There are 2 protein chains.
Amino acid sequence: MTRYSISELANYFNVTTRTIRYYEEIGLLKPERNDSGYRQFTKKEVTQLQLIFRGKKYGFNLDEIKEMVLLFDEDPTGREQLRRTIEYGEGKISEVDQRIHELQAMKGEMESLMQVFYDELNQLEEDES
Amino acid sequence: MTRYSISELANYFNVTTRTIRYYEEIGLLKPERNDSGYRQFTKKEVTQLQLIFRGKKYGFNLDEIKEMVLLFDEDPTGREQLRRTIEYGEGKISEVDQRIHELQAMKGEMESLMQVFYDELNQLEEDES
DNA sequence: TTTAACATTGACGTTAACGTGAAGTTCAAT
DNA sequence: ATTGAACTTCACGTTAACGTCAATGTTAAA
């Protein structure tokens with residue numbers, strides 16, 4: 001199994017090592033250590049970091065992201081636990097869906113604001129002829 | 001023309017008056033004042049605040065939002081200025097579009113992560129019969 | 001006309017998300 | 001064996017985006 005050092009990951013994700021250490025500090029990651037105390041990252045942490053940076057980019061804060069990461073980290077055992085996990089996960093997915101819709105609304109708004117400028121420009125070009 | 005007080009707007013947008021004052025501090029708003037120095041908000045500021053809160057919700061910081069607000073605030077006069085404004089605006093719109101796509105990707109990823117839980121639950125229900 | 005609810009400007013406090021040394025340890029290469 | 005790069009853990013510093021007083025002025029209603 002491939003192991004990565006902290007600076008390899010920092011380079012890959014274009015962040016500093018401090019950022020990754022901070023994520024461990026607040027419980028977002030729990031990488032293994034080797035005999036001398038160095039962090040050993042695996043594919044699992046890479047996946048988690050991907051989720052983290054995606055989430056950050058779209059306005060979720062680290063506390064919300066933590067909930068998501070932990071959700072997909074533990075395996076819920078037992079029907080009831082599974083059902084709760086699924087319910088929570090569906091809630092998060094519909095939150096994302098909500099954001100998509102509002103972003104689309106925002107885009108529409110910006111486009112209609114732009115329309116004013118388009119009209120003005122057309123007016124100017126017409127006057128020229 | 002209808003005028004609004006600072007607390008009317010704060011109530012409407014569900015923020016504190018401090019927030020709105022802060023937005024004026026950093027140049028996001030420039031409301032008129034009456035004789036006694038009270039801020040007088042009009043429809044213009046309402047529109048700007050709408051843009052601000054939308055933007056914030058979707059990961060833009062106040063500096064980026066400031067650029068957008070100022071963009072739709074000034075009337076660019078002259079062909080060249082107008083063209084540059086349109087070009088900039090289109091860039092911003094495609095940034096929003098980009099975010100929409102990535103959010104959709106995120107949603108897809110979360111759904112496939114959930115699939116694992118669905119399968120496990122089905123497995124458990126089957127075992128029961 | 002006084003009282004309560006609003007407004008104003010400072011100005012210092014707070015929190016999230018890191019930045020930035022310092023002081024020491026480990027490892028790979030010369 | 002030594003050097004330099006990369007790692008470790010403190011621990012204090014920084015910035016954005018407000019929160020939270022304090023001291024004072026304004027206004028509408030009783």
Side-chain angles (χ1 to χ4, degrees), chain A residues 1-42 45-46 48-70 95 99 106, chain B residues 1-42 44-46 48-70 95 99:
Chain A
M1 231 283 208
T2 323
R3 311 261 145 170
Y4 308 92
S5 74
I6 189 165
S7 57
E8 278 172 337
L9 285 197
N11 258 296
Y12 178 72
F13 285 110
N14 218 34
V15 296
T16 69
T17 58
R18 175 66 173 105
T19 298
I20 296 181
R21 285 197 195 92
Y22 176 69
Y23 291 163
E24 184 181 359
E25 248 182 81
I26 63 173
L28 273 175
L29 302 170
K30 292 188 200 301
E32 305 287 307
R33 304 295 185 110
N34 68 11
D35 290 354
S36 49
Y38 282 30
R39 291 172 181 80
Q40 305 271 279
F41 297 90
T42 73
E45 280 82 30
V46 174
Q48 290 178 325
L49 283 171
Q50 237 138 24
L51 230 164
I52 293 169
F53 294 122
R54 273 262 166 74
K56 280 214 57 185
K57 197 165 182 183
Y58 303 107
F60 296 96
N61 66 31
L62 291 182
D63 272 5
E64 296 173 292
I65 292 172
K66 187 173 179 179
E67 284 184 338
M68 298 195 211
V69 170
L70 295 185
E95 271 182 43
R99 297 206 183 202
M106 185 173 171
Chain B
M1 233 284 208
T2 322
R3 311 259 142 170
Y4 310 93
S5 74
I6 190 167
S7 58
E8 278 171 338
L9 285 196
N11 259 295
Y12 178 72
F13 285 110
N14 217 34
V15 297
T16 68
T17 58
R18 175 69 174 100
T19 299
I20 297 181
R21 285 199 194 93
Y22 177 68
Y23 291 164
E24 185 181 357
E25 249 182 80
I26 63 173
L28 274 175
L29 302 171
K30 292 188 202 303
E32 304 287 306
R33 304 298 184 109
N34 67 13
D35 290 353
S36 48
Y38 281 30
R39 290 171 182 82
Q40 305 269 272
F41 297 91
T42 72
K44 178 183 176 180
E45 279 81 30
V46 173
Q48 289 178 325
L49 283 170
Q50 237 138 24
L51 231 165
I52 294 169
F53 293 122
R54 275 262 166 72
K56 280 214 56 184
K57 197 164 181 183
Y58 303 108
F60 296 97
N61 66 32
L62 291 183
D63 272 5
E64 296 174 292
I65 292 171
K66 187 173 178 178
E67 284 184 340
M68 298 196 213
V69 169
L70 295 185
E95 271 181 42
R99 295 206 184 200

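Within every chain, numbering begins at 1; the chains are lettered A, B, ... in the order of the sequence lines, protein sequences first and strands thereafter. Note that this is a predicted model, so its numbers are computed, not measured.
- Heavy-atom minimum distance, A:Arg99 versus A:Glu64: NH2-OE2, 4.3 Å.
- In the 5' to 3' direction, nucleotides of DNA chain D lying under 4.0 Å from heavy atoms of chain B begin and end at D:dA17 to D:dT27.
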- prompt: What do the steps show when you test B:Ile65 against B:Leu51 for side chain to side chain contact (heavy atoms under 4.5 Å, CB included), and what is the final call?
  reply: CA-CA 8 Å; B:Ile65 292 171; B:Leu51 231 165; 5.7 Å; no
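- Partners of A:Tyr38 by side-chain contact (heavy atoms from CB on, under 4.5 Å), not counting sequence neighbours, listed by chain and number: A:Asn34, A:Ser36.
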Give every pair of a protein N or O atom and an N or O atom of nucleotides 1-3 of chain C that lie under 3.5 Å apart, one pair per line with the distance.
none

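- Just one residue in the list A:Arg18, A:Lys30, A:Arg39 forms a salt bridge (charged side-chain N to carboxylate O under 4.0 Å, His left out) with A:Glu24, and that residue is A:Arg39.
- Residues from residues 16-28 of chain B with heavy atoms under 4.0 angstrom of DNA chain D, sorted by number: B:Thr16, B:Arg18, B:Thr19, B:Tyr22, B:Tyr23.
- The structure places CD of B:Glu45 at 8.0 Å from CG of B:Leu9, a figure rounded to the nearest 0.5 Å.
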- request: Apply side chain to side chain contact (heavy atoms under 4.5 Å, CB included) to A:Glu95 and A:Phe60, showing your working.
  value: CA-CA 10 Å; A:Glu95 271 182 43; A:Phe60 296 96; 3.9 Å; yes
task: Give the intermediate values and the outcome of side chain to side chain contact (heavy atoms under 4.5 Å, CB included) for residues A:Tyr22 and A:Leu62.
output: CA-CA 11 Å; A:Tyr22 176 69; A:Leu62 291 182; 3.7 Å; yes
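- Taking every heavy atom of both residues into account, B:Arg3 and B:Gln40 meet most closely at CD-OE1, 3.9 Å.
- Under the side-chain contact (heavy atoms from CB on, under 4.5 Å) criterion, B:Thr17 pairs with B:Ile6, B:Ser7, B:Ala10, B:Arg21, not counting sequence neighbours.
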- request: For the pair B:Leu49 and B:Val15, evaluate side chain to side chain contact (heavy atoms under 4.5 Å, CB included) and give the outcome as yes or no after the intermediate values.
  value: CA-CA 11 Å; B:Leu49 283 170; B:Val15 297; over 6 Å; no
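- Other residues, nucleotides and ligands place no more than 12 heavy atoms under 6.0 Å from the CD atom of B:Glu32.
- Annotation: side chain of A:Tyr23 is not in contact with side chain of A:Gln48 (no heavy-atom distance under 4.5 Å).
- Here the rule is side chain to side chain contact (heavy atoms under 4.5 Å, CB included) with A:Thr16, and of A:Ile20, A:Thr19, A:Asn14 only A:Thr19 fits it.
- The residue B:Asp63 sits apart from the nucleic acid: no heavy atom pair falls under 4.0 Å.
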Summary of protein contacts for nucleotides 21-30 of chain C, nucleotide by nucleotide, where a base hit scores B, a sugar-phosphate-only hit scores S (4.0 Å, heavy atoms): -----BS---
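- The distance between atom CZ of B:Arg39 and atom P of C:dC6, rounded to the nearest whole Å, is 17 Å.
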